[in-house]
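What follows is one structure encoded as structure tokens, with my remarks underneath.
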There are 2 protein chains.
Amino acid sequence: MDPQQSLDAREQRAWSAFVAMRRDLEAALARSLARDGLSVSDFEVLARLVQAPDGEMRARDLAAAIGWDKARLSKHVARMAGRGLVTRREAGDDGRGQIVGLTSHAEQVVAAAGPNHVAAVRRYFFDLIEPDELEVLERVLERINARARGS
Amino acid sequence: MDPQQSLDAREQRAWSAFVAMRRDLEAALARSLARDGLSVSDFEVLARLVQAPDGEMRARDLAAAIGWDKARLSKHVARMAGRGLVTRREAGDDGRGQIVGLTSHAEQVVAAAGPNHVAAVRRYFFDLIEPDELEVLERVLERINARARGS
DNA sequence: CAAGCCTGGTTGCCATGGCAACCATCTTGC
DNA sequence: GCAAGATGGTTGCCATGGCAACCAGGCTTG
């Protein structure tokens, strides 16, 4: 009746630690970003736009880059537009397209939040991982991602 | 202006892979559980209760065990009660306490979903990790969790 | 070029989750 | 024994997210 009957004690420990990590690391990074008035999702959008030419991207491409469903992007961008973080305009060449762009306000926000976020990522992640461990982690992540995406 | 300016190329790759893993692995496990009519959160609650004596736990302890905010547990348990997965009763000794317990229906659901979930965890996680890699992972997780929880 | 299919986005509906306010009980310090 | 503070739960408000339905603008084919 134990739902994890086929995981041995060590695997159970490892899995619990993994689940805890997903929960607590996410929360820690969210708190960090919140100090700059951004959610994790906000930052994902802004970080992509900052790297894009002219600070704007087609909604379809933005969604694909972040790995989001188009509906999720649409709704989140609508909220961000309401907060003055992005603008939206029609794509000239395709009547369906929407071009999402940074506002100057967003540029300032990202300029402030970006370094803080990077610092948090270091503090909660990279600072705790030795180079050889990172190498192992990269290999494992690659396999997990391939399978989770693939099937 | 690059928000990740202080992460080098390799770190950026690793971080992107890590973020993708959180997103896609979570989604894969959620889809797996959904086939048994459960959300990840449902399963977390049920898995704890199944392991508890008499299949019931005090709400406070259940929340602590899962690592949830008391408000979150309260609301989720209310929804689960509505779906006939748990019962709630007052704690005799403490007028504030609520005891959350499994229904017999829930026991059947867990009996079916548990093995499937374990299989998914294997398929998407343990099967992709060699013993020596798991050792590294455990060490890293421990450090990350300590810091994410601690401060 | 017209019917039918494909694509890009938006919206509605519903389940989640965080946070703070609130209420009812304990518990503690005196 | 009681006032003040700590605990345990619930609720309201708001932001998120998934999924499917829907709609308008392309594209393909005969």
Side-chain angles (χ1 to χ4, degrees), chain A residues 19 22-35 37-45 56-101, chain B residues 19 22-35 37-45 56-101:
Chain A
V19 169
R22 281 198 320 217
R23 174 170 28 81
D24 296 338
L25 181 53
E26 170 92 17
L29 292 175
R31 274 197 306 279
S32 165
L33 278 170
R35 281 196 280 276
L38 295 177
S39 69
V40 174
S41 298
D42 294 335
F43 189 82
E44 289 191 273
V45 170
E56 56 179 30
M57 279 176 91
R58 177 105 186 233
R60 167 195 41 170
D61 303 326
L62 185 50
I66 310 179
W68 283 1
D69 182 88
K70 59 184 181 173
R72 177 174 177 188
L73 182 76
S74 173
K75 283 189 282 197
H76 204 268
V77 159
R79 283 191 295 265
M80 290 179 75
R83 289 157 55 208
L85 287 172
V86 296
T87 56
R88 284 186 294 178
R89 64 182 179 79
E90 318 243 310
D93 52 328
D94 187 335
R96 299 163 297 184
Q98 285 287 106
I99 309 283
V100 183
Chain B
V19 170
R22 282 197 320 217
R23 175 172 27 80
D24 297 337
L25 180 53
E26 170 92 17
L29 293 175
R31 274 196 305 277
S32 164
L33 279 170
R35 281 195 280 275
L38 295 177
S39 69
V40 174
S41 298
D42 294 334
F43 189 81
E44 288 191 274
V45 170
E56 56 179 30
M57 280 177 90
R58 175 104 187 235
R60 167 196 41 171
D61 302 326
L62 185 50
I66 310 181
W68 283 1
D69 182 87
K70 59 183 180 171
R72 178 174 176 187
L73 182 76
S74 172
K75 283 189 284 195
H76 205 268
V77 160
R79 283 191 295 264
M80 290 178 75
R83 289 158 54 209
L85 288 171
V86 295
T87 56
R88 284 184 294 177
R89 64 182 180 78
E90 319 242 312
D93 52 327
D94 186 334
R96 299 162 299 183
Q98 286 285 107
I99 310 283
V100 183

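Throughout, protein chains are lettered first and strands after them, A, B, ... in sequence-line order, and every chain is numbered starting at 1. The structure displayed is predicted, hence computed values, not measured ones. Side chains are part of it too, since the values below use all heavy atoms of this structure and drop only hydrogens, waters and symmetry mates.
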How would you label the contact of [X] with the nucleic acid (heavy atoms, under 4.0 Å): base, sugar-phosphate, or nothing?
X       : answer
A/Ala71 : base
A/Arg88 : sugar-phosphate
B/Arg79 : base
A/Arg23 : nothing

Rounded to the nearest Å, what distance is computed from the [atom1] atom of residue [X] to the [atom2] atom of nucleotide [N]?
X       : N      : atom1 : atom2 : answer
B/Lys75 : C/dT16 : NZ    : P     : 12 Å
B/Leu62 : D/dG9  : CG    : P     : 10 Å
A/Leu73 : C/dT7  : CG    : P     : 18 Å
B/Arg89 : D/dG9  : CZ    : P     : 12 Å
B/Arg83 : C/dT16 : CZ    : P     : 6 Å
A/Ile66 : D/dT16 : CD1   : P     : 13 Å
B/Trp68 : C/dG18 : CH2   : C1'   : 13 Å
A/Met80 : D/dA15 : CE    : P     : 14 Å

Non-hydrogen atoms of B/Val40 and B/Glu26 that approach each other most closely: CG2-OE2, 4.2 Å
CA sep, side-chain torsions, deciding dist, call: A/Val86, A/His76, side chain to side chain contact (heavy atoms under 4.5 Å, CB included): CA-CA 10 Å; A/Val86 296; A/His76 204 268; over 6 Å; no
Gap separating the [atom1] atom of [X] from the [atom2] atom of [Y], nearest 0.5 angstrom:
X       : Y       : atom1 : atom2 : value
A/Arg58 : A/Gln98 : CZ    : CD    : 9.0 Å
A/Lys75 : A/Ser41 : NZ    : OG    : 12.5 Å
A/Leu73 : A/Leu62 : CG    : CG    : 5.0 Å
B/Met80 : B/Arg88 : CE    : CZ    : 11.0 Å

Nucleotide nearest [X] (side chain, heavy atoms from C-beta), chosen from [options]:
X       : options                : answer
A/Ser74 : C/dT10, C/dG12, C/dG17 : C/dT10
A/Lys70 : C/dT16, C/dC13, C/dT10 : C/dT10
B/Arg60 : D/dG8, C/dC13, D/dT10  : D/dG8

Side-chain N,O (A/Ser39) to OP1/OP2 (D/dA15) below 4.0 Å: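 Answer no for this pair, as no side-chain N or O of A/Ser39 is under 4.0 Å from OP1 or OP2.
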Any B/His76 side-chain N or O less than 4.0 Å from OP1/OP2 of C/dA15: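 Answer is no, no contact under 4.0 Å.
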Please write out the pairs of protein N or O atoms and N or O atoms of nucleotides 26-29 of chain D separated by less than 3.5 Å, giving the distance to one decimal.
| from | atom 1 | to | atom 2 | distance (Å) |
| --- | --- | --- | --- | --- |
| D/dG26 | OP1 | A/Gly95 | N | 2.8 |

Donor-acceptor contact present, side-chain B/Arg89 to main-chain B/Gly101, <3.5 Å: no
